[in-house]
Structure formats: structure tokens, C-alpha cells
Amino acid sequence: MLLRMSSLFLRTLREDPADAEVASHRLLVRAGYIRRVASGGFAWLPLGLRVLRKIEAIIREEMDAIGAQEVHFPALLPREPYEASGRWNDYGDSLFRLKDRRGADHLLAPTHEELFTLLVKDLYSSYKDLPLWLYQVQTKYRDEARPRAGLLRGREFVMKDSYSFDVDDAGLAASYERHRAAYVRIFDRLGLDYVMVSAMSGAMGGSRSEEFILPSPNGEDTFVRSPGGYAANVEAVTTVAPQAVSYDDAPAARVVDTPDTPTIATLVAVLIERFPREDRPWVASDTLKNVVLMLRRPDGTDEPLVVGVPGDRDVDMKRLAAQVEPAIARPFADADFAAYPALVKGYVGPQALGADKGLRYFVDPRVAPGTPWTTGADEPGRHVVDLVCGRDFTPDGTIEAAEVRAGDPAPDGSGPLELARGIEIGHIFQLGRRYAEVLDLRVLDEQGKRVVVTMGSYGIGVSRAVAAVAESTYDELGLCWPAAVAPADVHLLVAGKDDKARTVADRLAQELSEAGHTVLYDDRARVSAGVKFADAELLGIPLIVTAGRRVVDGLVEFRVRRTGEQAELAPADVLARVRELAAR
RNA sequence: CGGGGUGUGGCGCAGCUUGGUAGCGCACCCGCUUUGGGAGCGGGGGGCCGUGGGUUCAAAUCCCGCCACCCCGACCA
């Protein structure tokens with residue numbers, strides 16, 4: 001394949017586009033790979049499209065290799081399947097909805113679980129047909145509240161997603177492992193230095209779930225990792241709970257006057273001043289903060305939930321949301337307090353709480369049996385000291401909703417947790433029977449009994465991966481593609497006006513492309529060498545061959561874009577060298 | 001949805017405070033010169049100044065509304 005820059009549909013920009021902040025967005029636009037068409041929507045230009053296609057090809061190879069089969073669905077779908085699964089409503093504002101000329105509701109698919117499920121239901125009805133693995137590589141649509149960072153979060157994007165169908169849990173586990181291994185191979189081939197983190201399966205329901213995250217300050221996901229190798233999305237981090245302790249010797253709880261202490265900070269100040277401890281000053285983590293929330297259940301009914309966390313921590317609404325899924329949590333409003341007079345704003349205490357009182361009460365795992373707390377006494381201006389968990393109050397359970405901090409002990413006991421940002425490039429999870437149940441996907445098992453199929457779901461953001469690779473490889477000169485995804489294998493350029501250089505380059509272009517390499521040939525006349533060098537670096541093809549002033553000595557220059565490593569060699573040796581480096 | 005910012009030729013920007021009919025650099029076209037690190041000189045094409053209304057003899061510039069885009073947050077398999 002020979003791409004001649006004299007006729008390639010490409011215009012590089014000398015200056016950075018003003019609307020691009022993150023490196024991948026800035027460079028992909030500047031190098032002429034993509035152009036913005038709308039907020040969150042991009043046109044793929046020839047070079048960009050080649051990168052996208054190469055990534056797709058790698059994904060298809062690995063999916064095919066595990067026996068998955070590709071299918072293709074419409075992006076424009078009728079409402080009914082999504083009504084049946086509940087997602088016509090659950091998906092909320094993120095769903096692009098539209099009407100046809102008859103007024104019938106349609107949507108632009110944000111993902112295709114329903115269609116896969118219904119397709120299998122349509123054709124298969126026996127355990128003998130399973131396991132089955134299907135996948136698609138398609139454009140998805142989500143009306144994101146805020147598209148950003150170029151390809152990293154768009155309203156239209158390319159995604160590969162696959163689904164596994166099994167008759168039992170063991171089958172699902174095997175299908176999951178199979179995909180997991182394929183994903184490892186895919187991301188390794190893309191050259192991405194990813195981290196696999198435990199994740200919550202979120203709105204999709206299901207059990208086991210892992211994300212593939214590319215650590216990057218431009219990423220939107222926060223995850224933690226430990227020195228010992230534990231890694232998890234913040235939503236899935238498990239808190240190390242202290243051992244339950246005996247409270248036989250603990251002092252009795254006592255109520256004290258703490259006027260004007262509606263916040264933890266004011267409370268601690270008053271405790272230090274009026275009720276000093278003997279061993280050390282009071283700190284915020286001695287107090288128990290009870291955060292009141294209102295849950296909206298899927299059926300539309302409301303129910304209050306109180307979450308108790310150590311006073312030095314806030315409730316992380318994302319972590320909470322993942323825990324109460326599919327219900328939706330919101331802060332308790334003044335009107336809500338009015339409806340629940342037992343709750344004294346600013347002085348809520350465990351003694352007024354509990355499922356038996358209609359106020360479900362869950363605590364952070366740090367609030368372990370036997371631990372004493374200073375907390376609200378359910379009266380304005382009063383707190384209770386030495387209220388012991390398990391003796392003076394019994395929560396309805398524990399909940400992982402407190403904020404996670406760098407330095408918190410890791411669940412694997414290997415030391416403090418580190419907090420980092422990253423780009424989610426893949427997500428695999430065991431979906432379970434949720435969709436199969438509601439869409440009635442059942443097969444006959446060996447006993448002739450109808451059983452609900454269990455599913456797995458496995459996604460890769462393909463267009464996002466283009467940005468992720470760019471993001472993890474660029475340097476100050478421009479893009480810097482790994483060979484596996486580069487739009488060409490070799491960037492060949494003629495420098496100078498020497499006819500002989502031109503002849504040598506023409507011959508090399510011919511030879512390399514005939515040998516099966518894709519050559520991006522900068523054959524532009526009347527373009528100065530400086531411009532060509534700068535473009536070559538910006539475009540980021542892994543190998544750069546220059547036919548220029550050394551041609552008179554029978555030599556061309558050979559450069560590895562990423563390392564800057566250079567050599568001069570005879571034109572006749574270029575092909576062998578390209579082969580050698582391309583295989584590396 | 002809340003906060004901040006920006007809309008002037010393909011790209012990056014100035015002009016707006018103090019109204020007088022649009023400019024610079026890059027890119028593009030023609031000619032000559034140049035040709036190893038984003039060339040020089042000369043000539044040229046291209047802009048209802050985001051949009052609607054208002055004020056005024058006159059609006060890119062002042063006033064009001066709307067829209068779009070970018071950033072932070074909320075949101076987001």
C-alpha cells in the first residue's frame with residue numbers, strides 16, 4: 001500500500017486547535033486524523049480511519065480466535081425491546097429518542113443488550129446450542145451531558161461489545177475467563193500499559209466485573225491500587241474493617257450539651273474545650289456522622305436511608321449510588337426532615353434509627369462492633385459520647401459509601417492505597433440473568449426443563465482506544481504510534497531538490513509497498529525539508545526514511561520515531577531493516 | 001443542570017473600552033527566487049464579524065434575548 005502525500009486528503013495544522021485540551025485530541029486534530037463535526041462527534045479522515053480500522057482488526061482477530069461470531073444490528077431501534085427491559089426509562093436523558101413519521105418512538109442504540117438477547121431467543125431454545133458468544137463493532141449513541149476530550153467521551157462513538165450466553169453459572173464463569181484472556185491479548189497488542197481493576201457492574205446488574213484502565217491524568221475514572229497489586233475502581237473498593245472489640249470495660253454512654261454544633265468541625269472544637277479527653281485531643285474520626293438520604297426506588301416510591309460514616313469522611317455519592325443501585329439516592333431536603341420529625345437536622349443519632357423505626361441505617365465498616373462514638377443525641381444542641389456500636393445501637397448493616405482516600409489501608413494488607421486517574425478502555429462483567437429474565441430468554445436443559453440463560457457482557461471503546469493509544473505514546477513532537485496500529489509502516493520522505501534523491505525514494509516506495517508494507521510517501525514537490533520533517537514527526541509513523549543529501553554517497557537515513565535512534569544505510573538494505581523492526 | 005470562558009475567512013488571533021463600514025500570522029492560488037528543520041519577494045482569492053431584535057445618521061464595537069462551542073463540577077455500561 002502506497003499513500004502519496006501529494007494527493008492524500010490531509011492538512012496538518014501548524015498551531016494547536018484552540019478547543020482541544022488533552023494531548024490526544026489536540027494532536028489527532030492537528031495531524032489531520034480527525035475533524036470535529038459536532039460536540040462529541042468527529043469525522044474520521046484517511047489516516048485516522050486507518051488507525052481505527054487497525055484497532056478494529058486486532059479486536060476482530062482476537063474475538064474470532066475465541067470463537068465469537070460477529071453480527072450487526074441497526075443503530076436505529078424501536079422502543080419496544082427497551083421498554084421491555086425497562087431501559088427506555090432507566091437510561092434517562094442519555095438516550096437519544098426520536099419519532100418516525102407515524103409518531104412511533106425510536107431510539108439510537110446506546111448499547112445493544114436487548115437486541116442480542118432477543119436475537120438469541122428468536123433462534124435458539126436448547127442447552128445444546130450453548131455456550132454462544134456473539135459480538136458487534138458498531139457506532140453507539142449517548143446524549144452525554146458533557147462530551148469532552150475529543151474521542152475520549154463523545155456522543156457518538158465506536159464500541160465493540162460481545163455477549164456470552166450460558167446455561168449455568170459455571171458456563172458463565174468460563175465464558176468470562178475466555179473474554180478476559182482475549183482482552184489481555186488485545187490490549188497487549190495495542191501496546192497499552194493498562195491496569196485491571198475490580199469494578200461494580202453498575203446499572204447492568206450482575207456479579208463479577210473488571211475494568212481495563214489506562215492510567216492517565218486525563219482519564220475520568222478514579223481507581224486505587226496497592227503496593228501488593230490490588231486494584232479497584234473507587235466504587236468497588238472494600239474498606240478494611242477493624243476487629244470487633246469487647247466493650248465490657250467501655251464507659252457508659254452519656255449525653256452532653258453541645259450547643260451550636262451542627263457540623264463535625266464545630267462539634268470537635270466544643271468537645272476539646274468542654275470535655276477534654278485524657279489520652280489525646282478529640283479528632284473528627286472520633287465522631288459518627290449520620291448522613292440522611294432519600295432513595296427513589298425503581299417503582300417510584302421513596303424511602304429514607306441513613307448512612308453512618310466516621311466524622312472525618314464524606315459520603316461519596318458515586319460509591320453510594322453503586323451500592324443502592326437500582327434505586328437513586330438524593331440528599332434529604334428540608335421538606336423531608338419535616339416529614340420525619342424523629343430526625344433532628346445536625347444532631348441525628350443512631351438511637352432514632354433502624355429499619356424497625358422505618359429509617360434504615362447502614363454504617364461504614366469502620367463502625368465496627370465495640371467501637372465507641374460521639375454522635376448526635378437526636379435533640380438540638382446535644383450529643384452523646386461513648387455510644388458503643390453493638391451495645392448502645394445496632395445498625396441494619398454496613399455499606400461501602402464513605403469516600404476513599406489515598407493512604408487508606410489496602411484490602412490485601414500490602415500497605416497504603418494509591419489513588420490514580422485513568423481512561424476506561426474495556427469493561428467485562430457477568431451480567432447474569434437480568435436481561436434474559438425480563439426478555440424471557442430460556443432454553444431447555446438436559447432434564448427438559450426451561451431455564452433462564454445467564455449472560456456476560458464485554459465492551460471495548462474502539463474509538464476511545466484510538467485516543468488512548470495516542471494519549472499514552474505521544475511526545476513533544478507529535479503522535480508516536482506503535483507499529484500495530486500506525487496508519488502506515490514507513491514514512492518515506494524526499495528532502496532537497498536533488499533528482500537522484502527523488503529517484504531513489506520512488507524506487508524505495510515501490511519496493512517497500514510491493515513487499516507488503518504500507519508506505520506513507522512524502523513526495524510533495526516544492527515543500528521544504530523542514531516542513532516534511534516536522535510533519536513526519538507530527539504524524540507519528542514508527543519508521544522514518546529520508547532520501548536526501550546522503551543519496552550522493554549511496555545512503556539514506558533511517559530513523560525510529562519513538563526512540564530517535566538513527567542510522568544511515570544503503571537503499572538496498574532498507575527493506576530488510578523495515579522487516580526487522582516491524583517484526584519487533 | 002450549576003459555575004467560568006469564547007464566538008471575527010480553513011486554522012490561530014487582533015480590533016470592541018472610546019461606534020465611522022474589517023485587519024495580522026499561518027494555510028490556499030499565480031509568478032520568480034529558494035530547498036536538511038515549519039523559506040523570501042511580488043501579486044491574488046476568500047469573511048451576512050454566531051444569531052434575532054433594539055439604540056443610532058452610522059453597530060464587529062453599545063443594549064436585550066437566543067444559540068453554539070470549550071473548561072470545571074454534577075451526570076455518565
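So that the names make sense, note that chain A is the first sequence line, chain B the second, and so on, each numbered from 1. None of these values were measured; they are calculated from a predicted model.
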Exercise for review: Looking at every strand, decide which applies to A/Arg559 at a 4.0 Å heavy-atom threshold: base, sugar-phosphate, or nothing.
Suggested key: base
Practice item. Spell out yes or no: do the side chain of A/Arg11 and the base of B/G38 have one donor N/O and one acceptor N/O closer than 3.5 Å? Key: no
Practice item. May I ask you to check whether A/Tyr163 and A/Tyr135 place their ring centres under 6.0 Å from each other? Key: no
Review point. Is there a donor and acceptor pair, one atom on the side chain of A/Arg146 and one on the base of B/C71, closer than 3.5 Å?
Key: no
Check your understanding: Hey, is the side chain of A/Asp16 pairing donor to acceptor with the base of B/G12 inside 3.5 Å?
Key -> no
Practice item. Sort out the partner of B/G73 for me: Watson-Crick or G-U wobble, both distances under 3.5 Å, none otherwise. Key: B/C1
Review point. Counting just side-chain N and O atoms, does A/Arg14 come under 4.0 Å of either OP1 or OP2 of B/A27?
Key: yes
Review point. Base, sugar-phosphate, or nothing: which does A/Ala495 touch, judged by heavy atoms less than 4.0 Å apart?
Key: base
Check your understanding: Once you round it to whole Å, what is the distance between C1' of B/C28 and CG of A/Leu13?
Key -> 13 Å
**Study point:** Complementary nucleotide of B/C62, counting Watson-Crick and G-U pairs under 3.5 Å
**Key:** B/G54
Check your understanding: Does any donor-acceptor pair link the side chain of A/Glu15 with the base of B/G38 at a separation under 3.5 Å?
Key -> no
Check your understanding: Once you round to the nearest 0.5 Å, how far does CZ of A/Arg507 lie from CG of A/Leu512?
Key -> 12.5 Å
Check your understanding: B/A68 pairs with which nucleotide, Watson-Crick or G-U wobble, both distances below 3.5 Å?
Key -> B/U6
Check your understanding: Is A/Ala525 touching bases, backbone alone, or none of the nucleic acid, heavy atoms closer than 4.0 Å?
Key -> nothing
Review point. Paired with B/G23 by Watson-Crick or G-U wobble geometry, both distances under 3.5 Å: which nucleotide is it?
Key: B/C13
Practice item. With C1' as the reference atom in both, quote the distance from B/C75 to B/C62 in angstrom, rounded to an integer. Key: 39 Å
Review point. Closest nucleotide of RNA chain B for A/Lys160 versus for A/Val22: which of these residues is on the 5' side?
Key: A/Val22
Review point. Under 4.0 Å: is that the gap between some side-chain N or O of A/Ser528 and OP1 or OP2 of B/G38?
Key: no
Point to revise | Residue from A/His427, A/His112, A/Lys140 passing side-chain hydrogen bond (donor to acceptor under 3.5 Å, both in side chains) with A/Asp161 | key: A/Lys140
Practice item. Starting from the 5' end of RNA chain B, give me the residue, A/Ala18 or A/Gln566, whose nearest nucleotide shows up first. Key: A/Ala18
Exercise for review: Pick base, sugar-phosphate or nothing for A/Arg153, based on heavy-atom distances below 4.0 Å to the nucleic acid.
Suggested key: base
